[in-house]
Q: 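Once you've had a glance at the structure underneath, I'll fire off some questions.
First the proteins, then the strands, lettered A, B, ... as listed; each starts at 1.
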Amino acid sequence: MATEDFDVQEHLPLTARLSLAAGRDLIFGPRWSCSAAVVVFDRNSGDHWIVSLLAADVLSSMSAARAGSLASIAKSVPAAGSYYDPFAATTMVVENLVGYDLIQVG
Amino acid sequence: MNRLRADRCVLGKAFRAPSNLMRLSLSEWTTLINDARQCNLLGALAVAASGDIDAFPAGPARHLRGMSLLSQRQALSVRWEVHRLHEALRPLGQTILLLKGAAYVMGECMAARGRMFGDIDILVPRDRLGDVESRLMINGWVSAKSSRYDQYYYRKWMHELPPMTHVRRGTVLDVHHNILPSTTRRHPKAEDMFARAVPIAHADLPWIRVPCPEDMLIHSATHLAHEGELDSAMRDLHDIDVMVSEFGHADSFWNRVCEYSTQQQLAGPVLLILKLAETVFGSNVPDHVISALGRVERTSVGALTSIYLNAIPFRLEERTDALAVLTRSLLYIRSHALRMPAHLLIPHLLVKAFAKLKPAATDVTDPTDRHPA
Amino acid sequence: MRVRSSIGEVAEHIQRFYATRLQSPTDVFVDFDVQVQPGLGLRRTLHRQCRFLLDDNESFFPLPFDQAAPMLEWGLNWCVASRPVGYLVMHAGVLAMGQRAIVMPGHPGAGKSTLCAALHLMKRWRLLSDELTILEPLSGTVLPHPRPICVKNESIDIVSGFPGASLGRIYRDTRKGAIAHVACDQDSISQGMVPAKVHWVVFPRFVQGGGRKVEEVSRAEAFALISEQSFNRERMGEVGFNALCSMLSDASCYQITYGSTQAALDAIDEVVG
């Protein structure tokens with residue numbers, strides 16, 4: 001599925017190796033039933049973010065494992081399953097998280 | 001007279017015998033907590049008394065625990081800064097040596113426990129300063145000192161770049177290329193510290209090193225001995241005490257301390273500071289080390305020791321004591337004399353006096369203004 | 001708290017608002033040793049000023065001499081917010097009915113202080129603080145430190161009209177405009193050592209001429225809004241984060257919009273049920 005703003009060449013390939021950005025040590029707030037968002041806290045920097053359930057799942061899975069490919073992460077995170085195109089959704093979320101220095105590529 | 005004054009130092013006594021803290025009255029606790037806070041040793045006191053905090057009265061216990069928590073938080077923050085620093089400088093393929101607080105944290109030394117952390121200090125070779133500064137600026141650090149004179153002073157005479165502040169995080173980085181200003185008579189060699197530096201236990205930070213324990217001690221001692229502002233003297237001496245306690249049980253450690261300080265003509269400052277640490281905190285420095293350093297350093301360190309003991313602000317009231325103020329001005333001038341030759345010293349001090357700004361203050365009516373405790 | 005001042009106004013202020021809590025005991029532990037003193041040097045005679053000191057350190061710009069008492073109150077707020085004693089401190093008013101607390105985070109202009117005064121004086125909620133909510137991580141409870149409520153500008157007239165309202169002097173031309181202090185009742189003072197558990201987090205929004213509205217707010221959003229108002233959450237690190245999450249988990253969060261004091265009180269009634 002390719003839309004105008006989803007130009008395949010500009011996005012991370014599904015084979016991209018991803019890991020949690022060096023120095024991050026994340027803990028997660030509760031999954032409140034009233035919220036479609038989760039609070040994430042980095043013990044080291046003291047920063048916090050309010051992220052979507054999908055992003056929380058991605059970060060959670062990367063905190064647990066050392067590294068993974070974008071494809072494997074998209075397949076394994078529970079929240080991705082609720083999207084029409086789990087790979088596209090996960091890719092966009094990951095790119096966002098890279099922008100916040102939460103995930104690093106390579 | 002020195003020994004008496006040191007004995008009157010309640011704070012030193014608290015560290016020498018933390019078990020006596022159980023017997024303090026609430027007023028004595030108020031004074032002790034206050035003194036410790038002024039000397040930046042409240043967190044360290046919490047560590048020294050950690051086994052007993054639960055048995056202390058609720059008031060002091062709160063302050064001790066609070067500071068301890070803050071210290072841990074700051075240590076984590078240092079860790080994050082070092083990661084960002086590594087990320088920024090990695091393309092240079094250059095080893096970066098952490099100094100002081102950052103070194104204690106990343107080297108997992110006992111001196112990090114209970115300590116407050118401010119600027120991050122790093123050492124890089126002089127010929128790579130330009131590259132380092134560029135990479136830092138690309139990654140968000142900007143030079144803090146704005147006056148042209150300050151920039152000139154720093155780059156020409158000092159052993160470090162003007163402090164750099166990170167635009168987003170507001171943290172400060174001091175980039176050194178040597179341990180002491182190049183105008184100092186005695187020049188310790190940064191290359192030696194690099195050669196003896198040790199890696200840290202973080203697999204994702206391969207370019208970061210910390211000084212070996214002997215160099216940590218020598219650096220800390222030298223820094224204090226050359227320092228004009230004595231406000232952090234108690235804290236620095238406490239660092240020394242902890243290092244002596246952590247590393248000093250092995251003869252090989254002391255042999256190397258003597259060897260390295262002699263090589264770098266720093267036996268005098270090291271001896272002075274070790275003697276002060278002994279007096280104030282009861283540091284366990286072996287007699288043979290004192291004698292060995294004393295033999296190297298001909299000039300008597302005794303007089304200097306007295307001066308320092310009179311000048312170090314042990315507690316609040318003493319900051320304004322006439323003798324203390326006088327001796328502190330002598331030491332300030334001495335310190336500058338050590339750092340800069342006389343003909344350069346006077347114009348520098350004059351310019352600083354004219355350029356002196358009011359100390360930073362905040363607006364009491366704005367509750368969102370943050371200020372370190 | 002130990003307060004020293006050579007300024008008469010400050011002594012009067014303390015006498016008026018803290019009389020029942022004054023002690024001269026021989027052996028106490030002092031958390032904050034504060035002073036409000038006249039300005040130094042030439043300023044002593046020309047434009048008189050007053051200074052605030054904590055442990056003999058002066059961290060603030062001086063204020064006009066006339067504002068010595070407000071300076072004391074603002075200074076004390078700063079002390080509580082900035083000194084690390086292991087508590088999470090948030091910029092929010094907090095009151096309690098028994099041991100069930102309502103926390104009202106304060107964005108400027110939201111009408112938090114007026115609402116605090118209204119709940120306290122008209123609905124007899126116990127005052128824990130009008131400005132700073134102190135959360136103790138270990139117990140998850142809020143610790144009281146009842147002090148005079150600071151009200152500003154139009155609010156002064158409104159609160160003066162509340163039953164039993166006891167206001168001090170009005171100070172004009174301060175950085176916040178006109179301000180006055182409202183005494184809290186003796187009951188709040190005598191329960192000053194009784195903590196409370198947070199049941200409701202309410203974000204007040206005053207809209208001139210607006211109607212009354214009560215909307216539930218998701219906890220994640222509440223976290224974001226409160227985070228902006230925490231003084232020391234970053235310095236508390238993980239402990240502060242967990243404490244805030246737990247507090248929210250056990251509370252219901254709302255935003256209330258109102259155009260009058262009565263509407264606000266009705267909205268709160270609706271929230272607490």
Side-chain angles (χ1 to χ4, degrees), chain A residues 19-66 77-83 89-90 92-104, chain C residues 81-82 84 86-92 103 105 107 135 137-138 140 197-203 214-256 270-271 273:
Chain A
S19 55
L20 210 58
R24 294 291 186 193
D25 184 4
L26 303 179
I27 56 177
F28 298 82
R31 300 277 174 129
W32 291 307
S33 55
C34 58
S35 310
V38 178
V39 196
V40 182
F41 179 78
D42 173 24
R43 280 194 187 105
N44 283 341
S45 65
D47 294 329
H48 75 278
W49 303 262
I50 320 265
V51 303
S52 65
L53 292 174
L54 176 54
D57 275 355
V58 167
L59 288 171
S60 204
S61 120
M62 297 185 76
S63 286
R66 286 298 296 166
V77 293
S82 63
Y83 288 83
T90 309
M92 288 199 283
V93 159
V94 166
E95 286 169 356
N96 237 283
L97 295 174
V98 169
Y100 281 108
D101 286 329
L102 278 164
I103 293 184
Q104 66 194 21
Chain C
S82 61
Y87 304 144
L88 178 59
V89 180
M90 298 169 276
H91 181 213
V103 171
H107 290 264
L135 185 66
L138 211 58
K197 193 102 176 65
V198 180
H199 279 244
W200 309 280
V201 176
V202 174
F203 298 90
V214 175
E215 295 164 281
E216 222 175 319
V217 161
S218 83
R219 291 187 177 88
E221 191 181 347
F223 184 101
L225 291 169
I226 291 186
S227 274
E228 290 170 31
Q229 298 294 323
S230 297
F231 293 110
N232 64 354
R233 199 192 42 78
E234 329 78 75
R235 291 194 285 135
M236 294 276 298
E238 182 179 351
V239 171
F241 174 76
N242 288 329
L244 186 53
C245 284
S246 300
M247 185 189 99
L248 291 171
S249 291
D250 295 338
S252 315
C253 308
Y254 300 89
Q255 177 178 265
I256 63 170
E270 199 182 314
V271 161

Q: What closest approach, in Å, do A:I50 and C:A220 show between heavy atoms, and which atom pair accounts for it?
A: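 A:I50 and C:A220 have their closest heavy atoms at CD1-O, 3.7 Å.
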
Q: Would you compute the distance between atom CZ of C:F223 and atom CZ of A:F41 and round it to the nearest 0.5 angstrom?
A: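 If I round to the nearest 0.5 Å, the distance is 8.0 Å.
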
Q: Distance check, rounded to the nearest 0.5 Å: A:I27 atom CD1 versus C:C245 atom SG?
A: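 A:I27 CD1 to C:C245 SG: 8.0 Å, rounded to 0.5 Å.
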
Q: Below 4.5 Å, heavy atoms only, C-beta onward: do A:H48 and C:S227 meet side chain to side chain?
A: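 Answer yes - side chains close enough.
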
Q: For a quick test of reading the model, state the closest non-hydrogen atom pair linking C:R219 to A:S35 and the distance between them.
A: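 Smallest heavy-atom distance, with atoms named: N-OG, 3.4 Å.
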
